[in-house]
Amino acid sequence: MAKVNVSIPQGTRDFNAETVRKRNYIFNTIRKVFEIYGFQPLETPSMENLDTLMGKYGEEGDKLIFKILNNGLDNPDKHTLVKAEFEKVLEGKNNKNITERALRYDLTIPFARYVAMNHGQLTFPFKRYQIQPVWRADRPQKGRYREFYQCDADVVGSNSLLNEVELTNIYATVFRKLEIEVEIRINSRKILAALAELCGGADKMMDITIAIDKLDKIGLDKVKDELIQRGLTNDQIIIIEKYLSIDGSNEDKLTSIASLFGTNELGNKGLEEIKHILSNFTTKETKLTIDFTLARGLNYYTGTIFEIKAIGVQMGSIGGGGRYDDLTGLFGVPNIPGVGISFGVDRIYDVMEELKLFPEAVQSGTKVLFFNLGDSESKAAFGLMQQLREQDIACEMYHENAKFDKQFKYAEKKNIPYIIILGSKELEENNCVVKHLTTSTQQTVSMSTLIDYVFL
RNA sequence: GAGAUUGUAGCUCAGUUGGUUAGAGCGCUAGUUUGUGGCACUAGAGGUCGGGGGUUCGAGACCCCUCAUUCUCCCCA
């Protein structure tokens, strides 16, 4: 046998029929909910100009953007230029003469770019959903791929908290439909900013959030170590420790933090928003939890932030999002606030696989296999098959006249529930035998009434 | 970017302190069985032991390099 020596790039995958069907089940569920909430689809190119993406995801994010090498670098006329410019790349700088395009890193920034380009034509508030792959040059590991799908829903052009409420309900609805038990965690960048203000250094917000975000992973002591490393004073750390010690039910947390914040304006604004979302959230069977340690790495968020944690499995967040005041401002169109959420399909798939949540019915392929029992027999069978196909019944015919054994085994392997036998005897009598393989029962049906046969 | 892990048949994996011709289960092909599958039995095909180099009389096993996998940290969906 020939030795196969090909592979696919690290962190990418092929999807077989079974996997595609399961993935489509997830896509369709999410898409349907998006549509029901009044969002409309958008697709953007796989690649963007590098400038559009760079600097939007933080320093780490920039490193994870897949850059595309320009074409025509081998043009002899440009060799001197290209070599000189490549030196700059080696210094870690991006250079248009070497790379000017990159693969999409997420769906939010391309959306902001789209809104900035088309704001004159759009009706606001503009609600769009987008289901497309994104690419990250990350080291693959559990639940982490270099090519994966995101399903985003965003509303731009509105400051209303109704949007947050709607998006929270979308999360709850989708995961209820998929039967995944989740906890929706919310927080607000305003609350984090207020904490930074209380510590006397609004400029320290990034340092504080990065450190406290790790609380559940590394524990309080190490968070404190990191805060010291990041240059915070003892007094400041005492305040942060108080903040981190807030626990209990949503109500308890709100009470505790209100006393910590006192009259801090920004903090109270954030709290009011959180309260509003909590009190208007209608899908009561899903947990909606305040998590004051939730920070999220993307630095464009300014208000409410969300993250989804699946219960009962060890997996990073399977969804996230938040409010951003001025994302299009990055592209020269200010004053269009927005809020959005994202579903991580590949992680959702992994969670559902682990918890065995995919319904059996997802795997519905061919329903009927017509046996091939000779030239004139298969010709008659072919006619019948086309009739069934007209009725939207998925059929196929065995590709050649082979022994029963083979044809049966083919049906079994492909999980085809029905087979139809049309041999010389049936041809003569103008009928065929319909056999249900799962129950091992069969009946003779006349050719003219096969079209009325009910295949379950 | 840092660290660890695994790599043997199509798949899942054995393979003793280094020792003759590398095994099992499942799957595959054929037959028992030219119009009724799943079961059983019989026979058969299929392996550069990830790749390269080294140590040795002798390497699937030990050493070095390399590629790939999976996982952890960082960060994220």
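Lettering of chains follows the sequences in order, A, B, ..., and the numbering in each one begins at 1.
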Rounded to the nearest angstrom, tell me the gap between atom [atom1] in [X] and atom [atom2] in [N].
{"X": "A:Gln314", "N": "B:rU72", "atom1": "CD", "atom2": "C1'", "result": "10 Å"}
{"X": "A:Leu107", "N": "B:rC76", "atom1": "CG", "atom2": "P", "result": "17 Å"}
{"X": "A:Tyr410", "N": "B:rG38", "atom1": "OH", "atom2": "P", "result": "18 Å"}
{"X": "A:Asn372", "N": "B:rU36", "atom1": "CG", "atom2": "P", "result": "17 Å"}
{"X": "A:Lys409", "N": "B:rU36", "atom1": "NZ", "atom2": "C1'", "result": "13 Å"}

- Starting from the 5' end of RNA chain B, give me the residue, A:Thr438 or A:Glu377, whose nearest nucleotide shows up first.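 So the residue in question is A:Glu377.
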- Message: Return whichever of A:Val433 or A:Phe148 has its heavy-atom-nearest nucleotide of RNA chain B closer to the 5' end.
- Response: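 Its nucleotide being nearer the 5' end, the pick is A:Val433.
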- Counting heavy atoms not belonging to A:Glu43, are there more than 12 under 6.0 Å from its CD?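 Atom CD in A:Glu43 is not packed in, count stays at 12 or less.
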- Is the count of non-hydrogen atoms from other residues, nucleotides or ligands lying under 6.0 Å from A:Met315 atom CE greater than 12?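 Yes - once you tally the heavy atoms of other residues, nucleotides and ligands closer than 6.0 Å, there are more than 12.
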- Describe the nucleic acid contact of A:Gly319 in one word from base, sugar-phosphate, nothing, applying a heavy-atom distance below 4.0 Å.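 Result for A:Gly319 = sugar-phosphate.
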- Task: Mind checking A:Leu373 for me? I need base, sugar-phosphate or nothing, with any heavy atom below 4.0 Å counting as a touch.
- Result: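 Contact class for A:Leu373: none.
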Any N/O donor-acceptor pair, [X] side-chain to [N] base, under 3.5 Å:
{"X": "A:Arg139", "N": "B:rC73", "value": "no"}
{"X": "A:Arg144", "N": "B:rC71", "value": "no"}
{"X": "A:Lys403", "N": "B:rU34", "value": "no"}
{"X": "A:Gln407", "N": "B:rU36", "value": "no"}

- Message: What's the gap between B:rG7 and B:rA14 when it is taken at their P atoms, as a whole Å value?
- Response: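 Each nucleotide's P atom is 8 Å from the other's.
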- Message: What residues from residues 14-28 of chain A pass a heavy-atom cutoff of under 4.0 Å to RNA chain B?
- Response: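 The answer is none.
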Any strand is fair game: report the nucleotide pairing with [N] by Watson-Crick or G-U wobble, both distances under 3.5 Å, or none.
{"N": "B:rC49", "answer": "none"}
{"N": "B:rC41", "answer": "B:rG31"}
{"N": "B:rG25", "answer": "B:rC11"}
{"N": "B:rU69", "answer": "none"}

- Kindly say if A:Lys63 contacts the phosphate of B:rC76, meaning a side-chain N or O under 4.0 Å from OP1 or OP2.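 It does not, given that no N or O in the side chain of A:Lys63 lies less than 4.0 Å from OP1 or OP2 of B:rC76.
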- Respond yes when some side-chain nitrogen or oxygen of A:Gln141 is under 4.0 Å from OP1 or OP2 of B:rU70, and no when none is.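 For B:rU70, OP1/OP2 do not have a side-chain N/O of A:Gln141 under 4.0 Å.
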- Item | Check ion pair A:Glu48-A:Arg104 (N to O, under 4.0 angstrom) |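 No, A:Glu48 and A:Arg104 are not salt-bridged.
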- Could A:Lys425 and A:Glu428 be called an ion pair, given the rule that one side-chain N must be under 4.0 Å from one carboxylate O?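 The answer is no: the pair does not qualify as a salt bridge.
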- Task: Determine the interplanar angle of the A:Phe306 and A:Tyr171 rings, folded into 0 to 90°, and report it as parallel if under 30°, tilted if 30 to 60°, perpendicular if over 60°.
- Result: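 Ring orientation of A:Phe306 relative to A:Tyr171: perpendicular.
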- Message: For A:Tyr418 and A:Phe455, take the angle between the two ring planes, folded into 0 to 90°, and tell me which bin it lands in: parallel under 30, tilted 30 to 60, perpendicular over 60.
- Response: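 The arrangement is perpendicular - the two ring planes meet at more than 60°.
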- Check A:Asp62, A:Thr108, A:Asp106 against A:Tyr57 for a side-chain hydrogen bond (donor to acceptor under 3.5 Å, both in side chains) and give me the one that passes.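 Answer to the side-chain hydrogen bond (donor to acceptor under 3.5 Å, both in side chains) test with A:Tyr57 among A:Asp62, A:Thr108, A:Asp106: A:Asp106.
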- Message: Using every non-hydrogen atom in the two residues, find where A:Ser160 and A:Arg323 come nearest and quote the distance to one decimal.
- Response: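 Looking at all heavy atoms of both residues, the shortest contact is O-NH2, 3.3 Å.
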